[in-house]
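Notes follow once the structure below has been shown.
Labels below follow one simple rule: chain letters A, B, ... track the order of the sequence lines, proteins then strands, and each chain is numbered from 1.
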Amino acid sequence: RKEVEQDPGPFNVPEGATVAFNCTYSNSASQSFFWYRQDCRKEPKLLMSVYSSGNEDGRFTAQLNRASQYISLLIRDSKLSDSATYLCVVNSGRNFNKFYFGSGTKLNVKP
Amino acid sequence: DGGITQSPKYLFRKEGQNVTLSCEQNLNHDAMYWYRQDPGQGLRLIYYSQIVNDFQKGDIAEGYSVSREKKESFPLTVTSAQKNPTAFYLCASISKQGRTEAFFGQGTRLTVV
């Protein structure tokens, strides 16, 4: 079983739509959780960390469900510029020794 | 400006050659990582290092080697033993203090010709 699993998509949505991605992780002892954004042929960049209480940054909301071992990302009022691949990242190691990446969910926002 | 720098951006290798990819960071981060990404795939861990002069194999270490002689530098050598080296290689560093997200270099795209 993979450490981190994501629906690869693509999610094709119109501008202004709300879209949600989920990601499941296998190690219940995982400590830190993140969403990264990766544009085509570029390096991943941190979108937001995910906290137990949930957190929001503008149009983006991230939530963590430890009981069910998944994290989610909600994007409201989608923009064309949101088109990218979104990677779920989980730190499952003690002393920060292992970051595991999901294979990414591709989002296409269309006019 | 602090950051993590990979070079070269594009690299072409002949079959049977060893090549070394550079990764340098001036973020004073302790931990550094090398990942490989294939088209349409996620990142797979090759090697990581939590401290100078120490490193550990990741999930796909065969055909690769690394060194960590300085805190700032974590070069990756792709050896001739790596049978399918064409990929996008990403280096990352992480601080053990405070925020623990990974910072990435811009990547090296390696192609075997």
Is it possible for you to say whether [X] and [Y] belong to one hydrophobic cluster, with membership spreading through side-chain heavy-atom contacts below 4.5 Å?
X	Y	result
B:V112	B:Y89	no
A:Y70	A:L64	no
A:L74	A:F60	no
B:I60	B:Y47	yes

Can we call the ring centroids of A:F101 and B:F104 under 6.0 Å apart?
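That pair passes the under 6.0 Å test.
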Residue pair B:L43 / A:L87, side-chain heavy-atom distance below 4.5 Å: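 Side chain of B:L43 against side chain of A:L87, heavy atoms only: contact under 4.5 Å found.
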pair A:R41-B:R109: side-chain heavy atoms closer than 4.5 Å =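 Side chain of A:R41 against side chain of B:R109, heavy atoms only: contact under 4.5 Å found.
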| task | Output the distance between atom CD1 (B:I94) and atom OG (A:S32), rounded to the nearest 0.5 Å. | result |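 Reported value, rounded in 0.5 Å steps: 9.0 Å.
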With rounding to the nearest 0.5 Å, note down the distance linking OG in A:S103 to CZ in B:R44.
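Here the interatomic distance stands at 11.5 Å.
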Problem - Atom group of B:Q41 that falls short of 4.5 Å from chain A, counting heavy atoms - result: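 When you check distances to chain A, only backbone atoms of B:Q41 fall under 4.5 Å.
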- Structural part of B:Q37 lying under 4.5 Å from a heavy atom of chain A: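 Looking at B:Q37, just its side chain touches chain A.
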Should we say atom CD of B:Q106 is surrounded by more than 12 heavy atoms from elsewhere, each under 6.0 Å from it?
->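 Result for CD/B:Q106: open.
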Does A:K42 NZ have over 12 foreign heavy atoms under 6.0 Å away?
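No, the 6.0 Å shell around NZ holds no more than 12 heavy atoms from other groups.
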| said: If I compare all heavy atoms of A:Q38 with all of B:F88, which pair ends up nearest, and what's the gap? | reply: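 Nearest heavy atoms, A:Q38 then B:F88: NE2-CE2, 4.2 Å.
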